[in-house]
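These notes are about the structure you will find just below.
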Amino acid sequence: RRGRVAEQRALGLLQDNGLRLLARNVRFRVGELDLIMQDRETIVFVEVRFRSPSRYGGAASTIARKKQQRLIRAAYCWIQMQFASDEPASRFDVVTLDGQAVEWIRGAFGVSGPL
């Protein structure tokens with residue numbers, strides 16, 4: 001339940017800032033994409049992370065390199081399904097919710113070159 005509430009808060013923040021929802025909770029064998037948004041001409045893959053305040057680090061610290069690679073592979077699958085050619089610009093954002101604090105990290109990680 002807390003995960004759904006956190007995802008809805010993140011979605012509201014992004015929509016309030018002009019992004020348009022394309023899809024949510026898209027699953028592939030290689031990984032899951034929480035939110036897929038459009039920011040003008042850019043496709044934005046958004047990972048939503050929730051963590052109650054903790055001495056073990058905030059929500060952003062839970063996105064290790066292995067998790068990033070799964071997100072990149074899932075984004076590649078989605079792009080291939082949606083666009084036969086002319087792959088659009090894309091980026092990976094993270095919205096963290098640490099207790100009541102919300103942070104939107106644009107371009108949190110990525111790849112060089114096309115997906």
Side-chain angles (χ1 to χ4, degrees):
R1 176 172 127 52
R2 285 189 289 176
R4 285 191 306 264
V5 170
E7 191 172 285
Q8 193 60 41
R9 284 183 63 198
L11 177 59
L13 169 71
L14 297 168
Q15 288 177 324
D16 288 349
N17 282 278
L19 279 71
R20 184 172 65 91
L21 179 65
L22 299 177
R24 65 190 308 176
N25 300 317
V26 177
R27 295 173 193 250
F28 295 99
R29 265 190 20 241
V30 296
E32 179 182 347
L33 300 164
D34 292 335
L35 299 171
I36 303 171
M37 310 289 293
Q38 186 167 3
D39 185 7
R40 296 188 183 113
E41 300 300 317
T42 303
I43 303 298
V44 182
F45 300 99
V46 182
E47 176 69 7
V48 179
R49 302 303 267 192
F50 171 79
R51 180 175 262 186
S52 298
S54 170
R55 64 177 176 232
Y56 300 109
S61 68
T62 66
I63 305 173
R65 187 78 180 141
K66 186 174 181 179
K67 175 67 173 177
Q68 292 175 22
Q69 292 300 317
R70 284 196 307 266
L71 293 169
I72 291 166
R73 285 192 292 273
Y76 178 77
C77 291
W78 189 84
I79 290 283
Q80 294 301 305
M81 286 177 49
Q82 300 297 317
F83 300 93
S85 61
D86 296 332
E87 184 178 305
S90 61
R91 73 172 191 256
F92 293 87
D93 291 2
V94 174
V95 175
T96 62
L97 296 99
D98 286 305
Q100 293 301 312
V102 180
E103 182 180 8
W104 177 14
I105 306 167
R106 291 172 184 87
F109 59 91
V111 296
S112 44
L115 287 177

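Just the heavy atoms: all of them, side chains too, but no hydrogens, waters or symmetry mates, feed the values below.
Between I79 and P88, the shortest heavy-atom contact is CD1-CG, 4.0 Å. Taking both residues in full, the closest heavy atoms of M37 and V46 are given as CG-CG2, 3.9 Å, listed atom of the first, atom of the second, then distance. Taking each heavy atom of E47 and L71 in turn, the nearest pair found is OE1-CD2, 3.4 Å. Counting all heavy atoms, side chain and backbone alike, A10 lies closest to V95 at CB-CG1, 3.6 Å. The nearest pair of heavy atoms linking L13 to V102 is CD2-CG1, 3.9 Å. Between V30 and C77, the shortest heavy-atom contact is CG2-SG, 4.0 Å.
Classification of the F45-W78 ring pair by plane angle, with boundaries at 30° and 60°, yields perpendicular.
Judged by distance alone, with hydrogens and angles left aside, the side-chain atoms of D93 form a donor-acceptor pair with the main-chain N or O of G107 at under 3.5 Å.
Remark: R40 CZ to L19 CG distance equals 9.0 Å, nearest 0.5 Å. Of the inter-residue distances, the one linking R20 atom CZ with L14 atom CG reads 13.5 Å to the nearest 0.5 angstrom. Expressed to the nearest 0.5 Å, how far CG of L35 lies from CG of N25 amounts to 7.0 Å. Here the CG atom belonging to N17 is positioned 10.5 Å from the CD atom belonging to Q15, to the nearest 0.5 angstrom. A distance of 10.0 Å separates CD in Q80 from CZ in F28, rounded to the nearest 0.5 Å. Atoms CZ and OG1, from F50 and T96 in turn, are 11.0 Å apart once rounded to the nearest 0.5 Å.
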Q: Before giving the answer on side-chain contact (heavy atoms from CB on, under 4.5 Å), spell out for Q8 and R24 the whole-Å C-alpha distance, their side-chain angles and the decisive distance to 0.1 Å.
A: CA-CA 10 Å; Q8 193 60 41; R24 65 190 308 176; 3.4 Å; yes
Q | Steps toward salt bridge (charged side-chain N to carboxylate O under 4.0 Å, His left out) verdict (D39, R106) | A | CA-CA 11 Å; D39 185 7; R106 291 172 184 87; 5.8 Å; no
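In this structure, the side chains of F109 and I72 come closer than 4.5 Å at one or more pairs of heavy atoms. In this structure, the side chains of K66 and Q69 stay at 4.5 Å or more apart for every pair of heavy atoms.
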